[in-house]
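This structure is a prediction, so every number in the text was calculated from the model and none was measured. All chains are named by letter (A, B, ...) in the order of the sequence lines, taking the proteins before the strands, and each is independently numbered beginning at 1.
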2 protein chains.
Amino acid sequence: MVAKQNTQQKILDAAQSLFAETGFNDTSLRQITSVAEVNLAAVNYHFGSKKELIQAVLQRYLRVLMARLDQEFSRLLAVQQPNNLTQVLAVFVKPLLELNSVHNNGTRIFLQLLGRGYTDVQGHLRWFINHNYGRVLDKFVLLVQQSCPQLPASELFWRLHFSLGTVVFTMASNEALAEIAEADFSEEVDIEGVIQRLLPYLAAGIAAPVSTRSQPQQQLRSGT
Amino acid sequence: MVAKQNTQQKILDAAQSLFAETGFNDTSLRQITSVAEVNLAAVNYHFGSKKELIQAVLQRYLRVLMARLDQEFSRLLAVQQPNNLTQVLAVFVKPLLELNSVHNNGTRIFLQLLGRGYTDVQGHLRWFINHNYGRVLDKFVLLVQQSCPQLPASELFWRLHFSLGTVVFTMASNEALAEIAEADFSEEVDIEGVIQRLLPYLAAGIAAPVSTRSQPQQQLRSGT
DNA sequence: AGGTGTTTGAAATGTACGTTTGAATATCCG
DNA sequence: CGGATATTCAAACGTACATTTCAAACACCT
C-alpha cells in the first residue's frame, strides 16, 4: 500500500507537523529528516533551502484553500445587495474544513502554520502570501467593508487583524485548550467545534460599535 | 548623570527590547551583551542562565502590573451589583499604561513580551506566570462571569482565550501592523491607541449572543 | 593600606545548526 | 544491456550558540 512514498512528500509531512508544533526556527532539518526517515541532505536537494521548504509546506494548503476562497468570494461579490457579516465569515468554514482532505488534521495544521508564519520572524512568508494571494484577500476585505459600511477603513483594518490573531492563537494553543475544555466541561472538542464557536465571537468583535471618543478620557505618560 | 549603570539593569534593558522584537529563542546572549556593552559572561554570572534572564525581564513588569490589577479587581469585586463588562475590561488600561513608568515604552514592551511568551515555545513561562499570579487572574474571570451571567462557563472559557489570543497576537505583530497602518491610513499608532481599539472589539466578542444551534448545519469530514 | 569578596574580562568548551561535497546507488530509456 | 540522469548517503564545513573557566580588576571595610 504505502510501500514507496515520495521523499519530497515524506519531508513535507514530517515538516508540517514539526513546524506547527515547534515553530519554524525551532525545528531543525535534522529533526525533520529524522522523522521523515530520509537523509539530511534530501531537504536541500529537493527544496533548495529551509526557507523554501517552509514555503512549500504552506503552499500545499494555500493553493487549495485560496482557490476555493476565491470562488466563494466572487460568488458573494456578484450578489447585488451587501451580505450579512456572519455570512461572509461563514464562507471560510467549508474551504478550511476541506483542507482535511489535503492531509489528516489539515485544517488544524494549516491554521497553526499560519500562526507561526505571523509570529515567528519570517518576513519572507508574509511577502510570499501577500504576493501570491493578496488579490484573493482583497476580495474578502471588500466583502466585509460592504457588510459593515459604518466602519472606517482603518478601524476595519485593525479589527480584521485582531480577528486573525484570535484565530491563529486559538489554533496554535488548540491542543492545550481542548484538553482543559474536555477536563473542565467534559465536552469533546474538534476543530470544527472551535470554528463554530469562533464565528459569533469574530462577527460581534468586527461589527462592534465604534467608540465615539477618539481620544481616551485620561492619558498617562512616563516622563515629561 | 547616567555615568555608572548597574550591569544587571543594562542587561535587562537591552534584553527586553531584543526579546520583544525578535523573540526569546531568536535573540542570542551575544546580541544582548553587545547592545548592553557588558561582557558575555555577565548574563550567566548575574542571572544564572538565559531562561532565568527571560523570567527576570518579565518579572520587572509582572510584579508591578499584577499588584495593581489585584487592587482593581478586588475593588470591583467588593461592589455589590455586577459590573458592566466594558468596565471590567477597562480596568486593565491604567495598570498597563503605568508600566511606562517602569521603563520607556514599558507598556508596549511588556505586551510584546507577553505575546512572545505565549507564541514562542516557552513552557516555563506559562508555568511561571500561572504559578505566581494565577490567584489574581482568577479574580478577573470571576468578574467577567458576574457581568455576563447569561454565558455558560464553557463558552466563557473559550471566549476569554479567544481574547487572550487577540491581544497577544496583536502585540506580537505590533510593529508590522503599526507600519502598515501608518503607511495606509497615515495615522500614528501608539500602544494606547491600540489598546483603546481593542477594548470594544473584545467586549463585543466576549458578550456576543450564544448560538442557539449547538451543532452546525453541515458537517464535512475527510475519510470517514 | 591591605586583604577579602564581588564583579569583569578574554578565551575556550562542547554542542547544534544549515549547507555543501563527492562518491555510491537507484532509476530510467534507447 | 548500458550509459546517462536522478537520487541517496555519510561525512565534513563553517558558523553560531549557551555555558564554563580562571585570572585580572574592582569595591568595600577595618
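- Rounded to whole Å, the distance from CG on A/Leu53 to P on C/dG18 is 10 Å.
- Surrounding CD of B/Glu37 are at most 12 heavy atoms belonging to other residues, nucleotides or ligands under 6.0 Å away.
- The CG atom of A/Asn44 sits 9 Å away from the P atom of C/dG18 (whole-angstrom rounding).
- Residue contacts shown for A/Thr33 are absent, as no nucleic acid heavy atom lies under 4.0 Å away.
- The phosphate of D/dT8 (OP1 or OP2) has a side-chain N or O of A/His46 nearer than 4.0 angstrom.
- For A/Leu18 and C/dC17, the CG to P distance is 12 Å, given to the nearest whole Å.
- In this pair, A/His161 and A/Phe157 present their aromatic rings tilted. The plane angle is within the 30 to 60° band.
- You'll find a donor-acceptor pair under 3.5 Å spanning the side chain of B/Arg30 and the base of D/dA18, going by distance alone.
- In this structure, A/His124 places its NE2 atom 14 Å from C1' of C/dG18, rounding to the nearest Å.
- Between the CD1 atom of A/Ile54 and the P atom of C/dC17 there is a distance of 14 Å, rounded to whole Å.
- Closest-nucleotide positions on DNA chain D for A/Leu40 and B/Leu29 were compared, and the one nearer the 5' end corresponds to A/Leu40.
- D/dT7 atom P lies 12 Å from atom CD1 of A/Ile11, rounded to whole Å.
- If you take NZ of B/Lys10 and C1' of C/dG9, they are 13 Å apart, rounded to a whole angstrom.
- B/Leu143 and B/Leu77 make their closest contact through CD2-CD2, 3.6 Å (heavy atoms, listed as atom of the first residue, atom of the second, distance).
- Distance B/Gln8 CD to C/dT6 P: 13 Å, rounded to the nearest Å.
- Here C/dA10 is the nucleotide among D/dA10, C/dA10, D/dT7 with the atom lying nearest to any side-chain atom of B/Asn39.
- In the set D/dT7, D/dT20, C/dT19, the nucleotide with an atom closest to the side chain of A/Ser49 is C/dT19.
- Side-chain atoms of A/Ser49 and A/Glu52 form a donor-acceptor pair, as typed in the model, at a separation below 3.5 Å.
- Here B/Ser28 reaches the OP1 or OP2 of D/dC17: one of its side-chain N or O atoms lies under 4.0 Å away.
- Not one side-chain nitrogen or oxygen of A/Thr7 sits closer than 4.0 Å to the OP1 or OP2 atom of D/dT7.
- Across all strands shown, A/Ala41 has heavy atoms under 4.0 Å from base atoms, whether or not it also approaches the sugar-phosphate.
- Atom CG in A/Leu69 sits 8.0 Å away from atom CG in A/Leu137 (nearest 0.5 Å).
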